[in-house]
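Contents: one structure, followed by commentary.
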Amino acid sequence: MRQAGTYSGILSGGISGKTGPHLLPLARIKKIMKKSGEDVKMISGESPIVFSKACELFIKELTQRSWMVTMQGKRRTLNKEDVASAVMATDLFDFLVNLVSESGHSGEAPPPLELDTFTSS
């Protein structure tokens, strides 16, 4: 059985729209969720709150790992190469490798991801 950890803190005290300030806009998260597939029609009010916290934790983790790369380079400004290095060095972020690979540094936006990649057959 999975032990409660850092991430279970978002559930303490129950989830409602009044659980505190959110750093990411819930309406935008809900819009992204709805665009994730034709099958997604209804989304409960609590779901974007959980996604918001998950996004915050993801950003925090990737930033901390990127900052370690910055410090190893004896610099004080985190740049996109530091983020790319952190992604490449961390198995957890393998899903981002194509986004930050050297071939993707042409200055153009990356191609949109195919939803079929994420859905099971």
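Below, each value reflects all heavy atoms present in this structure, side chains not excepted, and no hydrogens, waters or symmetry copies.
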Seminar exercise, completed: Value for CH2 (Trp67) from CD (Gln72), rounded to nearest 0.5 Å, stands at 12.0 Å
Exercise. To the nearest 0.5 Å, what is the distance between CD (Glu81) and OG1 (Thr70)?
Worked result: 10.0 Å
Exercise. Which pair of non-hydrogen atoms, one from Thr63 and one from Leu78, has the smallest distance, and what is that distance?
Worked result: O-CD1, 3.9 Å
For this session: Tell me whether Ile32 is reachable from Phe95 by hopping between hydrophobic residues (I, L, V, M, F, W, Y) whose side-chain heavy atoms are closer than 4.5 Å.
Result: no
Exercise. Between Ser66 and Leu62, is there a donor-acceptor pair closer than 3.5 Å when you use the side chain of the first and the backbone of the second?
Worked result: yes
Exercise. Quick one: CZ on Arg65 to CD on Glu61, what's the gap to the nearest 0.5 Å?
Worked result: 4.5 Å
For this session: Given side chain to side chain contact (heavy atoms under 4.5 Å, CB included), test Ser52 with Cys55 step by step and report yes or no.
Result: CA-CA 5 Å; Ser52 174; Cys55 290; 5.9 Å; no
For this session: Please work out whether the ring planes of Phe93 and Phe58 are parallel, tilted or perpendicular, with thresholds of 30° and 60°.
Result: perpendicular
Exercise. Considering all heavy atoms of both residues, which atom of Lys41 and which atom of Lys34 are nearest to each other, and what is their separation?
Worked result: O-CE, 4.1 Å
Seminar exercise, completed: To the nearest 0.5 Å, atom CZ of Arg76 lies from atom CE of Met71 at 7.5 Å
Exercise. Going through the checks in order, is the side chain to side chain contact (heavy atoms under 4.5 Å, CB included) test met by Met88 and Val97?
Worked result: CA-CA 6 Å; Met88 300 298 278; Val97 169; 3.8 Å; yes
Problem set entry | Contact summary for Ala86 and Val69, nearest pair of heavy atoms | N-CG2, 4.1 Å
For this session: Evaluate the criterion side chain to side chain contact (heavy atoms under 4.5 Å, CB included) for residue pair Lys35 and Val40; output intermediate values, then yes/no.
Result: CA-CA 8 Å; Lys35 287 183 176 183; Val40 181; over 6 Å; no
Exercise. Should the heavy atoms of other residues, nucleotides or ligands under 6.0 Å from CZ of Phe51 be counted, would the total exceed 12?
Worked result: no
Exercise. Are Met68 and Leu92 co-members of a hydrophobic cluster defined by side-chain heavy atoms under 4.5 Å apart?
Worked result: no
Exercise. Got a second to check how far Leu26's CG is from Met33's CE, nearest 0.5 Å?
Worked result: 10.5 Å
Exercise. Just how far is it from atom CD1 of Ile49 to atom CG of Leu24, taken to the nearest 0.5 Å?
Worked result: 12.5 Å
